[in-house]
Structures are given as structure tokens and as C-alpha cells.
Amino acid sequence: MTAVLTSTQSKPRTYEAGKRRFTLYISWNYPVEAGADVADLDNRFITVLEARRQAWPKLESMSGLDQGIGTQMDIGIVNAFNTFRKFVGEVTGQTVPLHQRVDKGGNNQPLDERVLADTDTLMVISLDHLRTAQTIGPGEVQMLQQFLAREGTSLVIHPHHDVGTANDLEGRIVEHNHHGDWTVSGQQRFSGFARSILSAFDIPVVNQYGLSPGRVKGTNQPAPLNVAADLDARGLLRGVTTFNLHHHLPHYALTADDPKGAVVLARQPINLDAPPHPFVEAGNREFNAMVWVPSDGKRAGDVVIFDFTLLSGFFGGAKSLEQLWRNLAKM
């Protein structure tokens, strides 16, 4: 299969001091995701028809579109990044291309020089279900190593939730009742590609669960973050007070105790009014929402980890999220 460039970028961008070049990279296999068996409720995106039925009559404007999974992927996910891309483009003066690992036409776009040569901040949106077995290859690891060897580069990784890991039905029901989102079935496990990058670079972080975020009591506003401002050497969270209220956000668990290996910059409160969850019952009242991995002797560039929904204003907290975007653009 021929590898082609899949983006809105028609020619290489030039580097200008103070004008970071951003690139978004969705690591899914579009045809495999869009072609999932709709008779199997687990580990797939919803169809347009399912969304219309549940939200009726709000989405009847979509009645004339293809009713399958692919349309929902295009409208509900790919198009959701348009506001972020426009905002960052205006701040940096650079267009923000979006690539897909395997696009709608089946064209492959690995992480190679066509993606990495003219970017300073690569954002890997790992919305690939584990069942599709997306993993980074040895050549891509080498390319990322070369990318991160450049001063001033950043790799931003977005692993999504990991819901339904319990072997028994009762355990999955408990998880589902906690987040309460009908669009997610008993099991929806994401981000094999992100996990493979984290493993390849010995980054001790793994995405866990799908937790209901806390709200300001009596409102539908996200509760304030617990920010480690003294550790935020890059100013990523300067002026950022909240994230969002996506129904099921991942906890980025640290799998090693080395404080230099990964730094938790933000913890988000859990919705304690939601039904119980094993993570909460274990005594946790917050989850790790942003992790920073500083540059070291092997890497000149930084690695940052947070959920992809923070690149969308769909789930509240838009003003604070715009400050996050501005910080990223000026980092």
C-alpha cells in the first residue's frame, strides 16, 4: 500500500523564531475502526444512527448523512479539532496539519520525515482501540528519537480512557454506572499506539479507567485543578484553572517512583456524587490529568501527556482550555 501525506498541508512550513509548528497525528486505522461490527457493542465508536436515536431530536440535521461509524468519526472527532487548529494557527502564524495513520482511503502515513521534518510540537491523538493492534515500529522510534534530539521540540501524547478491564460483568457494570455515558459500552479500551510509544521511550505512565470528573457544587462547571505550579518549569498550566467535564477521563498512573522520570503537573477532582468506582473506593479523590516528562540526557525535547478532549471545547471549560492552548503555542 502506498504511503501518502494525509493532511491539509500542501508544502513544508518554514521555521520562524517564536512561531512553533504544530502537527496533529491520529493514530487510528480509519477503515478498521469505521468497519467494526455494529452487532458487537464493545470496543468501537458509535454510529450516527445510534447518536440520533439517543439524542433525538437534536441531531436530526444528520438524518441525510451516511448513518455509519465513519461519519461519526469525521464529525464527532476529526472536526472537533478545528477550533484548536484555528486558534493555534492564529497564535503561531502557522497552519496546523492533521495526519491519520491510516486514512479513510486506506493510505498509510507512518511517523516519518513527512510528519516530523517541519514540526516542533507533535501531538499524537491515540484514539485507536486496542483490538486494532496499532503499535509504533522500530523505524518510527528512531525517527522520534531524532525529532526529540532537536532543541525546543515537544511530543504531546494523548492516551484516552481504558474502560471495562474487569473480567466479570458485574465489575464492568460498576465502571459503567460510575461514568454514566451511554455512548460507551461495557468495554472500550483505547490507545495501544500511545502505550507503545511510552514503552519504547521508557516513560513510566499508563492510562487507566474512565473517571467522572468533579464539578463545582450546584453547577455544571468543572472543579478547579490541583496544579503543581512549583514543578511547572515550562509554564504549561500558567493561568489554567480547570480542564473539562468529559464523562470518562483517564487516570495517568505512574508505574515507577523516579521523580525525574515523570512529573504530575495536574490532578483533577473526581465526581464523588457519581456512583462508586474501585479507584475511588481505594481512597482516591483525584486522578492524574497531566504528566510532564522533562528533557534528559537522551532527549532534548519534552514529553507531555494529557487527554485529547482538552483540545476541544465540547465538554466545558473553554476559557481555561484556551489558556492551555496558548501556553502550548508559546512554550
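Model, not experiment: these values are computed from the prediction.
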Would [X] end up clustered with [Y] when hydrophobic side chains under 4.5 Å apart are linked, directly or stepwise?
| X | Y | result |
| --- | --- | --- |
| Leu148 | Leu111 | yes |
| Leu59 | Trp182 | no |
| Leu211 | Val291 | no |

- prompt: Is the CD atom of Glu151 crowded by more than 12 outside heavy atoms at less than 6.0 Å?
  reply: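 Result for CD/Glu151: open.
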- prompt: Is the number of heavy atoms from other residues, nucleotides or ligands under 6.0 Å of Asn167 CG greater than 12?
  reply: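 Counting neighbours around CG of Asn167, 12 or fewer heavy atoms of other residues, nucleotides or ligands fall under 6.0 Å, so no.
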Would you say the side-chain atoms of [X] pair up with the backbone N or O of [Y], donor to acceptor, closer than 3.5 Å?
| X | Y | value |
| --- | --- | --- |
| Asn327 | Leu236 | yes |
| Ser212 | Ala274 | no |
| Arg172 | Ala166 | yes |
| Thr119 | Leu116 | no |
| Gln208 | Val206 | no |
| Asp181 | Val184 | no |
| His178 | Pro275 | yes |
| Asp103 | Gly105 | yes |

Side chains of [X] and [Y]: is there a donor and an acceptor less than 3.5 Å apart?
| X | Y | result |
| --- | --- | --- |
| Gln188 | Asn43 | no |
| Thr309 | Asn244 | yes |
| Gln100 | Trp28 | yes |
| His158 | Asp307 | no |

field: Under the side-chain hydrogen bond (donor to acceptor under 3.5 Å, both in side chains) test, residues paired with Asp162 that sit two or more places apart
entry: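 Asp162: side-chain hydrogen bond (donor to acceptor under 3.5 Å, both in side chains) contacts with Arg189, Arg195.
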field: Matching residue for Leu122 among Ile157, Val115, Leu24, Thr153 - test: side chain to side chain contact (heavy atoms under 4.5 Å, CB included)
entry: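 Single pass found, and it is Val115.
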- prompt: Taking Arg44 as the fixed residue, which of Asp42, Thr47, Asp40 is the one that meets the side chain to side chain contact (heavy atoms under 4.5 Å, CB included) rule?
  reply: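 So, applying the side chain to side chain contact (heavy atoms under 4.5 Å, CB included) to Arg44 and each of Asp42, Thr47, Asp40, only Thr47 qualifies.
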query: Is the Phe190 ring parallel, tilted or perpendicular to the His160 ring (thresholds 30°, 60°)?
result: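 If you compare the ring of Phe190 with that of His160, the planes turn out tilted.
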- request: Evaluate the ring planes of Trp325 and Phe87, with Trp represented by its six-membered ring, and classify them as parallel (under 30°), tilted (30 to 60°) or perpendicular (over 60°).
  value: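 Aromatic pair Trp325/Phe87 classed perpendicular.
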message: Under the ring-ring contact (aromatic ring centres under 6.0 Å, His included) definition, can you give me all pairs with a residue in residues 198-220, not counting sequence neighbours?
response: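 Every pair satisfying ring-ring contact (aromatic ring centres under 6.0 Å, His included) with a residue in residues 198-220: Tyr209-His277, Tyr209-Phe279.
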- request: Please report the C-alpha distance between Glu33 and Arg131 in whole Å, then the side-chain angles of each, then the deciding distance to 0.1 Å, and finally whether the salt bridge (charged side-chain N to carboxylate O under 4.0 Å, His left out) criterion is met.
  value: CA-CA 10 Å; Glu33 297 283 7; Arg131 66 175 180 82; 3.7 Å; yes
I'd like to know if [X] and [Y] make a salt bridge, using a cut-off of under 4.0 Å between side-chain N and carboxylate O.
| X | Y | value |
| --- | --- | --- |
| Glu90 | Lys86 | yes |
| Arg21 | Asp120 | yes |
| Asp112 | Arg114 | yes |
| Glu140 | Arg101 | yes |

task: Can you measure from NE2 (His179) to NE2 (His161) and round to the nearest 0.5 angstrom?
output: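 Atom-to-atom, His179:NE2 and His161:NE2 are 7.0 Å apart.
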- request: Working to the nearest 0.5 Å, report the span between CZ of Phe84 and OG of Ser312.
  value: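 With rounding to 0.5 Å, CZ (Phe84) is 11.0 Å from OG (Ser312).
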- prompt: Does some side-chain heavy atom of Asn79 sit less than 4.5 Å from a side-chain heavy atom of Phe81?
  reply: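 They are not in side-chain contact.
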query: Hey, are the side chains of Thr23 and Gln94 touching, using non-hydrogen atoms and a 4.5 Å cut-off?
result: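 Side chain of Thr23 against side chain of Gln94, heavy atoms only: no contact under 4.5 Å found.
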Salt bridge (charged side-chain N to carboxylate O under 4.0 Å, His left out) pairs, two or more places apart, involving residues 234-249: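 Those involving residues 234-249 are Arg234-Asp302.
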